[in-house]
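Not measured: the values here are computed from a predicted model. For this chain, numbers begin at 1 and follow the sequence in order.
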Amino acid sequence: MAGERQARLADRIRVILAERLEKGLRDPRLGFVTITDVRVSGDLQHASVFYTVLGTEEERLSSGAALTSATGMLRSEVGKQLSTRLVPTLEFIPDALPENADHISALLREAQQRDADVAKLASSASHAGDADPYIRQDDDDTQS
């Protein structure tokens, strides 16, 4: 029951914040921000808001600072649209999902290249060691 309520509240907060950010904040530091996930604590008092920013590292840092400074205004916006007795505190956390996905993609490309290299080596490889002297290689030698 509490898990369902947490999930509903988290989803609602995500939608409210995304709509508010779509309208825009009056902070020039804010870049192209996407709210990726919201997780609400079990007591519904705290919400961790995960976001990504499209752009350079400098734009990510300035957007994070803009979100942090606008936390009070965004929390009051959430409070106006939620029908809860208490409004959870908001904590904005940069989501490392795109960086992790890029890293995993690079690792997969490297593994694929190494697999291709091993397959190329294996196609021209022969067995190690000398031939077994007890196994006849061909029957043609005995007929002469």
Side-chain angles (χ1 to χ4, degrees), residues 1-140:
M1 170 100 176
E4 271 184 49
R5 185 162 186 205
Q6 279 176 277
R8 282 195 320 256
L9 186 63
D11 189 48
R12 185 68 186 131
I13 290 171
R14 185 183 57 78
V15 168
I16 291 168
L17 291 175
E19 287 173 353
R20 183 62 184 105
L21 290 175
E22 188 177 318
K23 291 178 188 174
L25 296 178
R26 295 179 189 202
D27 194 332
R29 299 175 294 176
L30 190 67
F32 187 72
V33 177
T34 302
I35 304 297
T36 56
D37 192 19
V38 176
R39 295 185 188 148
V40 178
S41 64
D43 62 357
L44 308 178
Q45 295 298 310
H46 181 76
S48 298
V49 181
F50 295 90
Y51 67 94
T52 59
V53 178
L54 185 65
T56 64
E57 186 63 30
E58 181 182 324
E59 291 171 330
R60 290 179 189 144
L61 292 173
S62 65
S63 293
L67 285 172
T68 302
S69 67
T71 300
M73 186 274 299
L74 292 171
R75 184 175 181 221
S76 66
E77 182 77 23
V78 168
K80 288 177 190 174
Q81 295 191 33
L82 287 180
S83 58
T84 58
R85 187 170 55 92
L86 297 171
V87 179
T89 59
L90 303 177
E91 177 187 12
F92 289 95
I93 302 169
D95 197 351
L97 185 68
E99 291 83 15
N100 289 344
D102 290 342
H103 180 67
I104 289 171
S105 294
L107 290 174
L108 288 172
R109 280 191 301 274
E110 182 181 343
Q112 187 177 22
Q113 180 60 41
R114 287 184 181 186
D115 285 348
D117 293 344
V118 168
K120 184 178 177 183
L121 286 172
S123 68
S124 63
S126 61
H127 293 286
D130 296 329
D132 191 354
Y134 300 109
I135 297 179
R136 219 185 264 173
Q137 296 298 323
D138 55 336
D139 292 333
D140 294 337

Any Lys/Arg nitrogen of Glu110 or Arg114 sitting under 4.0 Å from an Asp/Glu carboxylate oxygen of the other? yes
Under the criterion side chain to side chain donor-acceptor pair (under 3.5 Å), I'd like the reasoning laid out for Thr52 against Asp95: C-alpha separation, chi angles, the key distance, then a yes or no. CA-CA 6 Å; Thr52 59; Asp95 197 351; over 6 Å; no
In the structure I gave you, are the side-chain heavy atoms of [X] and [Y] within less than 4.5 Å of one another anywhere?
X	Y	result
Tyr51	Asp37	no
Val53	Phe32	no
Ile16	Leu82	yes
Pro88	Leu44	no

Is a side-chain N or O of [X] found less than 3.5 angstrom from the main chain of [Y], in a donor-acceptor match?
X	Y	result
Arg75	Val87	yes
Gln6	Ser41	yes
Thr89	His46	no
Glu91	Ser48	no
Ser69	Ala66	yes

Distance check, rounded to the nearest 0.5 Å: [X] atom [atom1] versus [Y] atom [atom2]?
X	Y	atom1	atom2	result
Gln81	Leu17	CD	CG	9.5 Å
Ile35	Arg20	CD1	CZ	12.5 Å
Leu21	Thr34	CG	OG1	9.0 Å
Ile93	Thr36	CD1	OG1	10.0 Å
Leu61	Ser63	CG	OG	9.0 Å
Gln112	Arg109	CD	CZ	9.5 Å

Mind running salt bridge (Lys or Arg N to Asp or Glu O under 4.0 Å) on Arg14 and Asp11 for me, showing each step along the way? CA-CA 5 Å; Arg14 185 183 57 78; Asp11 189 48; 2.7 Å; yes
Could you report the tightest heavy-atom contact between Ile13 and Ala47, atom names first, then the distance? CD1-CB, 4.2 Å
Val78 and Leu90: which non-hydrogen atoms are nearest, and at how many Å? CG2-CD1, 4.4 Å
